[in-house]
Amino acid sequence: MAGLWNKIKQTNIYKSIYRNDYPTTPRNQVLVILNSVALHLHPVKIPKSGVKVTYTWGLGGTSLLMFLLLTVTGVILMFYYIPSTAMGQAYFSVKNLETGPLFGMYMRNLHRWTAHGMVLIVFLHMCRVFYTGSYKRPREFNWALGVVLLTVTFLLSFTGYLLPWDQLAFWAITVGTNMAGATPPREIVGKYVRFALLGGFEIGQATLIRWYTLHVIFLPLAAIVLMAVHFWRVRKDGGISTPIHEEDDNA
Ligand code: HEM
């Protein structure tokens with residue numbers, strides 16, 4: 001068996017896929033990480049504190065996991081959702097999920113609860129970063145990027161709120177856009193912001209299609225680009241920060 005396996009490892013096909021031997025030596029361990037598209041996203045070496053659960057609480061990674069789950073469930077929901085106000089199509093396409101498609105209600109609830117969860121987890125991640133002082137030099141820029149990510153997370157949540165086109169959605173968006181309309185100076189900024197958000201003077205089809213496009217295309221794409229830069233910056237800023245006291249690192 002071992003002989004056959006050694007022969008397979010000598011074939012060109014095997015060598016074209018796996019360029020290194022088993023990671024039994026430190027050199028091979030490094031090469032395996034560097035030569036794998038999935039693994040190379042992680043650094044080859046990290047400080048011991050970086051894997052300590054009670055330092056990061058895995059909150060940044062959990063935020064990403066939630067975003068991925070929202071993307072998968074969101075795409076599934078898109079197969080059924082109709083962004084049209086005519087004859088309450090948007091409302092009924094969401095309501096029908098509960099009785100029609102197999103696992104429709106499960107997908108809707110998974111999407112909704114994960115959205116609430118993501119807002120909470122991203123906020124807690126921000127608190128962790130603040131609490132451990134990880135926003136300080138050289139990570140100021142990544143903190144600023146995080147603030148934009150937090151805003152995008154809020155906007156994703158808010159734009160999704162209108163889509164079921166029920167009373168809750170309608171009046172929440174009425175309140176939200178009226179608040180945006182009060183941005184001073186009202187006649188120069190507020191008025192136009194409200195008009196742009198509504199696609200007119202009142203909530204209607206133009207609002208729904210705008211918010212739908214923002215929710216399923218623009219904001220997720222913005223989040224993906226920002227997250228890519230955020231993760232890249234974590235690496236470039238020297239990896240996850242270490243605790244201030246050396247002894248904490250070894251605890
Ligand atoms: C969609 C939202 C976000 C995602 C997916 C995300 C993801 C991550 C991940 C995976 C890390 C690596 C360490 C860890 O897991 O804690 C990290 C680190 C970091 N994040 Fe976020 N983050 C998000 C939002 C934010 C926000 C809102 C802030 C602050 C306003 C922020 C600031 C930072 C900083 C400064 C670091 C470096 C921390 C260190 O080196 O200890 N991030 N982020």
Side-chain angles (χ1 to χ4, degrees), residues 33-34 36-78 110-161 163 176 211-251:
I33 302 269
L34 291 181
S36 152
V37 70
L39 294 179
H40 96 279
L41 296 174
H42 293 280
V44 170
K45 280 184 178 183
I46 54 166
K48 204 173 162 192
S49 58
V51 282
K52 199 175 157 195
V53 177
T54 51
Y55 187 67
T56 65
W57 293 98
L59 290 166
T62 311
S63 306
L64 172 67
L65 181 70
M66 296 204 137
F67 180 76
L68 295 177
L69 199 56
L70 281 163
T71 309
V72 173
T73 52
V75 169
I76 293 172
L77 292 177
M78 280 178 77
L110 196 57
H111 194 74
R112 205 180 172 102
W113 284 102
T114 312
H116 293 320
M118 183 169 165
V119 170
L120 181 70
I121 297 290
V122 170
F123 178 75
L124 290 176
H125 168 60
M126 184 181 73
C127 294
R128 185 296 281 179
V129 170
F130 180 75
Y131 180 67
T132 54
S134 311
Y135 55 86
K136 293 179 193 166
R137 201 164 61 93
R139 297 182 174 81
E140 306 97 319
F141 181 71
N142 223 11
W143 170 267
L145 260 180
V147 174
V148 183
L149 270 170
L150 182 71
T151 312
V152 170
T153 307
F154 286 157
L155 287 176
L156 271 166
S157 192
F158 195 51
T159 49
Y161 210 27
L163 306 187
W211 289 48
Y212 178 65
T213 312
L214 283 173
H215 187 75
V216 304
I217 308 267
F218 184 83
L219 292 169
L221 280 183
I224 290 169
V225 172
L226 288 165
M227 277 183 209
V229 184
H230 193 60
F231 301 153
W232 179 79
R233 281 306 296 217
V234 172
R235 295 284 295 273
K236 293 292 157 187
D237 292 342
I240 295 172
S241 60
T242 43
I244 297 158
H245 302 294
E246 195 62 32
E247 60 271 24
D248 291 353
D249 198 11
N250 302 318

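Numbering of ligands and ligand atoms starts at 1, following listing order. Computed from a predicted structure; not experimentally measured.
Ligand-side atoms of ligand 1 in range of Val147: 30 (C), range being under 4.0 angstrom from any heavy atom. Taking a cut-off of under 4.0 Å to the non-hydrogen atoms of Met126, the atoms of ligand 1 that pass are 29 (C), 30 (C).
Contact between His125 and Ser63 at its shortest, heavy atoms only, is CB-OG, 4.3 Å.
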Intermediate values then yes/no, side-chain hydrogen bond (donor to acceptor under 3.5 Å, both in side chains), Thr242 and Tyr55:
CA-CA 9 Å; Thr242 43; Tyr55 187 67; over 6 Å; no

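A cation-pi geometry, defined here as NZ or CZ lying under 6.0 Å from the six-membered ring centre and within 45° of its normal, does not hold between Arg128 and Phe123.
Counting heavy atoms only, Gly146 comes closest to atom 28 (C) of ligand 1 of the residues Gly238, Ser134, Gly146.
Side chain of His40 to backbone of Val37: a donor-acceptor contact under 3.5 angstrom is found.
Within His125, the N, O or S atom at minimum distance from atom 21 (Fe) of ligand 1 carries the name NE2.
Polar contact check, Thr153 against ligand 1: no nitrogen or oxygen pair lies under 3.5 Å apart. Annotation: His230 places an N or O atom under 3.5 Å from an N or O atom of ligand 1; distance criterion only.
Each of Val234, Val229, Leu149, Val129 was evaluated against Asn142; a single residue qualifies, Val234, per the side chain to side chain contact (heavy atoms under 4.5 Å, CB included) test.
For the ligand labelled ligand 1, residue Phe123 lies outside the 4.0 Å heavy-atom shell.
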